[in-house]
Amino acid sequence: MLHGSAPRPATARKSAGLTGRVRIPGDKSISHRSFMFGGLASGQTRITGLLEGEDVINTGRAMQAMGARIRKQGEEWVIEGTGNGALLAPDAPLDFGNAGTGVRLTMGLVGTYDFHSTFIGDASLSKRPMGRVLNPLRDMGVQVSASAGDRLPVTLRGPGSPSPIRYRVPMASAQVKSAVLLAGLNTPGTTTVIEPVMTRDHTEKMLQGFGAALAVETDADGIRTIRLEGRGRLTGQVIDVPGDPSSTAFPLVAALIVPGSDITIVNVLMNPTRTGLILTLQEMGADIEVLNARLAGGEDVADLRVRHSELKGVAVPEERAPSMIDEYPILAVAACFAEGTTVMKGLEELRVKESDRLSAVADGLKLNGVDCDEGKDFLIVRGRPDGKGLGSAGGSRVSTHLDHRIAMSFLVLGLASEHAVTIDDAAMIATSFPEFMQLMAGLGAKIEEVPQ
Ligand code: S3P
């Protein structure tokens, strides 16, 4: 969808206290999986609260191209699935735009089928490594044709009868774990995934909800063994998608760093595999009150009241990275306004996100006067609580590299910096958080697109 669209620069300026109550759009990970599992299951799936970002819509289109019927009825998305094992061969390449989750999980979902499927994406997605998913698929007997370095475009063709595998996930990645489990859905016998470091567990929880025979065992060292019986029946479900904690992070950090702020964010997913940022910010002294904690559709959900806070630098425990992997760019922005030094380690996975996020963050911070060091897998930020000297008086533009979280993080930086912060493109924010500009403006944030 973003192919060839013109970049839209935007500027954020020092703002007065942010106030108000907002609802964040649905969680991206759960929204992708809702379309995929609803599209695969027998019978009807009804979804409310779905994130209608470009990434998720592309997943919906792919499921339609493989036989799912998807329509929007009022506030609800209604899906008639194909039944497990009954996806149809797509008659054109499946275009996932910017979405790593969409493409990697769908490769797992359809790769074992005995027909050809081709996967393409935008310039950012076409640079990202796909070998992490293609290798276990190869082990299952899938024929793979990929561009140099196992990159997109990729064409897959499954064998007549895929072989179940026992796969130890070599990096902390929910996408890889999920792709292998989804390939297991169309594979006879037991597919086993060993997960040495726990990552977000939406695939396991949701597949169980759809009726898959999936069991998880955790040993004394925290190593998880996930077993899935293939070729079982999945049955359509009713899903209410909670607000995305990764999108919540932007207004939340904005309220912490802009003096005088007091905002409430309602209906936020609080699954413990996703709350590492909140924990870290609380250790930094953030005033985040968790209100109305409740269970909704098997997930922890709460409202968050966030007030401006005097933050102090911390060393973020490395083992926390999987539970806040998408939040390091915005944590680095919070660290800019903390007293002292914040040390973030174990960040190697940041280099293969929508951009090389470690470099993109460090380069953007330096451009805006922040004292920081980038290492192979770490970032150190020395804060400036009053924001003096931060931002760019000359209007230098941060390169966002088609990465929505880089774009939103730097716009938040501008809200408490002495000088404005300008980014080269805000268009791709629509991949995950189409309402971002409007929602932030409603809280009082001074963010505007730069007239071209
Ligand atoms: C996701 C997993 C994470 C995360 C991404 C969403 C998912 O990626 O960064 O935004 O929904 O499974 P990795 O599995 O590459 O860590």
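Note that ligands are numbered from 1 as they come in the structure, with each ligand's atoms numbered from 1 the same way. Worth saying up front: this structure is predicted, and the values here are computed from it rather than measured.
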*What salt bridge (Lys or Arg N to Asp or Glu O under 4.0 Å) pairs are there with at least one residue in residues 237-252, not counting sequence neighbours?*
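Qualifying pairs: Asp244-Arg274.
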*Under-4.0 Å salt bridge between Glu80 and Arg71*: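 Yes.
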*If you measure from the Lys or Arg side-chain nitrogens to the Asp or Glu carboxylate oxygens, is any gap between Arg397 and Asp425 under 4.0 Å?*
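The answer is no: the pair does not qualify as a salt bridge.
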_side chain to side chain contact (heavy atoms under 4.5 Å, CB included) involving Pro136 - partner list, sequence neighbours excluded_ =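 Here the qualifying residues are Ile165, Tyr167, Val180.
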*asked:* So, using side chain to side chain contact (heavy atoms under 4.5 Å, CB included) as the criterion, who are the partners of Arg23 when residues are at least two apart?
replied: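 For Arg23, the residues satisfying side chain to side chain contact (heavy atoms under 4.5 Å, CB included) (neighbours in sequence not counted) are Val266, Asn267.
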_I'd like the residue list for ligand 1, meaning every protein residue with a non-hydrogen atom under 4.0 Å from the ligand._
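Ser29, Arg33, Thr101, Ala172, Ser173, Ala174, Gln175, Arg200, Ile325, Asp326, Lys353.
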*Asp27 (side chain) donor-acceptor with Pro242 (main chain) under 3.5 angstrom*: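 No; judged by distance alone, with no hydrogens or angles, the pair does not exist.
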